[in-house]
There are 2 protein chains.
Amino acid sequence: MELILEKGYEAVTVTDLINRANVGRSTFYAHFTDKQDVLFSNLDELSGLLRLAPASRPGTLFAFSLPMFEHLHEQRRLARALLGRRGGSAVMARGEQILATVVRDELLAALPPRSTPPDSLDLMVTCVVGAFMALLRKWADGELTATPAEMDAAFRAVVTPGVETAFRR
Amino acid sequence: MELILEKGYEAVTVTDLINRANVGRSTFYAHFTDKQDVLFSNLDELSGLLRLAPASRPGTLFAFSLPMFEHLHEQRRLARALLGRRGGSAVMARGEQILATVVRDELLAALPPRSTPPDSLDLMVTCVVGAFMALLRKWADGELTATPAEMDAAFRAVVTPGVETAFRR
DNA sequence: TTATAACCGAACACATTGTTCCGAAACAAG
DNA sequence: CTTGTTTCGGAACAATGTGTTCGGTTATAA
């Protein structure tokens, strides 16, 4: 994390890592195969937060949004290191996958089964996830200064009307 | 382009390039500074298309959308090489910048001046651009099969109601 | 005390980058 | 055709990074 914050994920080398960690080169390669392996081995806790959130506010679409922004606000340093432009695209890509399945399930549950063809559902999911991730990245990078509540409100303000319009068909 | 399609942008080396192009190493570095330089030197035509589109359909929000999808449909191979996941993030990042200013100007022109605070405008622009770019990337990657018209419709269906709701305040 | 496992770090082969240098080729003008 | 200029080709080079191997050292636990 220190190194990513200093130089950005791409620029961090294995040599940097083992120097900073006071670890032998062979030791590193005995535990990890890659630079990426180090990153991903600490990344599975994320899924939990996203899946837990909807239950806390039943009936609300995209309930993951506010808790997510709040969580990342508390872990600002970490969020910036991993999600910002300097963090490389690996973590964002993984988060996008996870979020996509969450949003998809949420829409399927809220949507009357045959009101929307599945293709069109995928398009909608992509839009929603794309908008959210874009907000997330810019926020983590400090390009947007807003409270978690404001971020959540903006996200929902843009996305919800369009989704609900699709509901009424 | 051949090399990007074969191995993905990240994996293409300068050595690959000069071999494929039958060009001396020194000749390459006499013309370009970087791998990235080769890419960006062929990328400024894009801006034109985006700025031209709104004039053709006055009054329509996000008029760039349909022409953009149509253009990329014609240049499918190229689009996939540059915009897909294997194309790296450089081109997408550049496109995102360009598109953001276009969307921002479009919203400022359509929006009554003091109806929305500028901070909130940035959030909205980010959402809109994020949704569009996400659609673009997945489409270029072949993860979504839809006609340009369908892509445009889906984009506008999700985004427009939210934006127009913000107008009426 | 001793056996087992984990670690350290030097050394290595390999790949990639960006620079330098000199001879060869292309080209334009006379 | 010749000459002078510009561009090109490619070998060689120093730097930096990667992933592997191996012999010696340290920690751990029985």
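Protein chains get the first letters and strands the later ones, always in sequence-line order, with residue 1 at the start of each.
Across all strands, A:Asp34 comes closer than 4.0 Å only to sugar-phosphate atoms, never to a base (heavy-atom distances). Among the protein residues, B:Asp16 comes within range of no part of the nucleic acid, since none of its heavy atoms lies under 4.0 Å from any strand.
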Only pairs under 3.5 Å count here: list side-chain donor-acceptor contacts from residues 72-85 of chain B, not counting sequence neighbours, and write none if there are none.
| residue | atom | partner | partner atom | Å |
| --- | --- | --- | --- | --- |
| B:Arg76 | NE | B:His73 | O | 3.1 |
| B:Arg80 | NH2 | B:Asp141 | O | 3.1 |

Please tabulate, one pair per line, all N/O donor-acceptor pairs under 3.5 Å involving side-chain atoms of residues 121-132 of chain A, not counting sequence neighbours.
| residue | atom | partner | partner atom | Å |
| --- | --- | --- | --- | --- |
| A:Asp122 | OD1 | A:Arg104 | NE | 3.1 |
| A:Asp122 | OD1 | A:Arg104 | NH2 | 3.0 |
| A:Thr126 | OG1 | A:Asp122 | O | 2.9 |

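Checked against side chain to side chain donor-acceptor pair (under 3.5 Å), A:Arg137 has the following partners two or more places apart in sequence or in another chain: B:Glu96. Partners of B:Thr27 by side chain to side chain contact (heavy atoms under 4.5 Å, CB included), not counting sequence neighbours, listed by chain and number: B:Val23, B:His31. Under the side chain to side chain contact (heavy atoms under 4.5 Å, CB included) criterion, B:Arg86 pairs with no residue, sequence neighbours left out. With sequence neighbours excluded, the residues satisfying side chain to side chain contact (heavy atoms under 4.5 Å, CB included) with A:Phe32 are A:Phe28, A:Asp37, A:Val38, A:Ser41.
Scanning residues 7-14 of chain B for heavy-atom distances under 4.0 Å to DNA chain C yields B:Thr13, B:Val14.
Note: B:Phe155 and B:Phe62 have tilted aromatic rings, judged against thresholds of 30 and 60 degrees for the angle between ring planes.
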Got a list of protein N/O to nucleotides 19-24 of chain C N/O distances below 3.5 Å?
none

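Protein chain A contacts DNA chain D from D:dG17 to D:dC22, reading 5' to 3' and using non-hydrogen atoms of the protein with a distance under 4.0 Å.
Stem regions for DNA chain D, each three or more consecutive Watson-Crick or G-U pairs with both distances under 3.5 Å and listed by first number, read C:1-30 with D:1-30.
Each salt bridge (charged side-chain N to carboxylate O under 4.0 Å, His left out) pair with one or both residues in residues 5-15 of chain A, not counting sequence neighbours, appears once here: A:Glu6-A:Arg20, A:Lys7-A:Asp16. Residue pairs meeting the salt bridge (charged side-chain N to carboxylate O under 4.0 Å, His left out) criterion with at least one partner in residues 145-157 of chain B, sequence neighbours excluded, are B:Asp152-B:Arg156.
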